[in-house]
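Reviewing the structure listed below.
The figures that follow rest on heavy atoms only: side chains count, while hydrogens, waters and symmetry mates do not.
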Amino acid sequence: MTYRRNSEFFEPSRTIRGQQPSEQVMDMKEKLRNEYRKTWEEFSSKMRNVHELAGVGEAAAVEAAMREADLAMAAHQHARNQLAALLAPEFAIPRDTTRAWQCSGKEPCCSVGVQ
């Protein structure tokens with residue numbers, strides 16, 4: 001049994017009939033977990049920067065830092081969704097749906113159009 005995610009094929013992560021998960025799945029899990037941690041650290045760093053700049057009171061610098069933090073959060077959410085899709089593929093939410101939740105459709109951050 002295989003699932004298709006992001007143009008890659010991989011076996012389900014859980015043990016089926018006593019068989020151990022494949023090495024491919026284990027490698028993918030480790031890669032996605034590392035990416036998840038890395039994106040969280042990046043987001044945390046960007047938010048720390050926002051808080052530091054907010055204390056100074058420079059509005060333009062705070063706005064720029066907040067845009068960077070938003071991008072870091074979007075990267076973290078993407079990494080989270082990929083990891084969740086691998087760990088529980090039957091509960092995975094289609095990517096178009098999650099992108100629609102992330103923005104209003106007015107911004108160039110996604111392909112969701114405002115009608």
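- Between atom CG of residue L32 and atom CG of residue D27 there is a gap of 11.0 Å, rounded to the nearest 0.5 Å.
- Atom CD in Q82 sits 13.0 Å away from atom CD in Q77 (nearest 0.5 Å).
- Classification of K46 and E42 as a salt-bridged pair holds, one side-chain N sitting under 4.0 Å from a carboxylate O.
- A donor-acceptor pair is defined here as one N or O able to donate and one able to accept, closer than 3.5 Å; such a pair exists between the side chain of S44 and the backbone of W40.
- Summarising the geometry of A69 relative to V50, their closest heavy-atom pair is CB-CG2, 4.2 Å, with the distance given to 0.1 Å.
- In terms of heavy atoms, T39 sits closest to A79 at OG1-CB, 3.8 Å.
- Within a 6.0 Å radius of CE in M66, other residues, nucleotides and ligands contribute 12 heavy atoms or fewer.
- In this structure R33 satisfies the side-chain hydrogen bond (donor to acceptor under 3.5 Å, both in side chains) test with no other residue, sequence neighbours excluded.
- Ring pair Y36/H76 is tilted by interplanar angle, where 30° to 60° counts as tilted.
- Exactly one of E23, M28, K29 qualifies for a side-chain contact (heavy atoms from CB on, under 4.5 Å) with V25. That residue is K29.
- Rounded to the nearest 0.5 Å, atoms CZ (F43) and CD (E68) are 12.5 Å apart.
- Looking at every heavy atom in both residues, A65 comes nearest to L53 through CB-CD1, 3.6 Å.
- Partners of N34 by side-chain hydrogen bond (donor to acceptor under 3.5 Å, both in side chains), not counting sequence neighbours, listed by chain and number: R37.
- Ion pairing between a basic and an acidic side chain is recognised when a charged N comes within 4.0 Å of a carboxylate O; E35 and K38 show such pairing.
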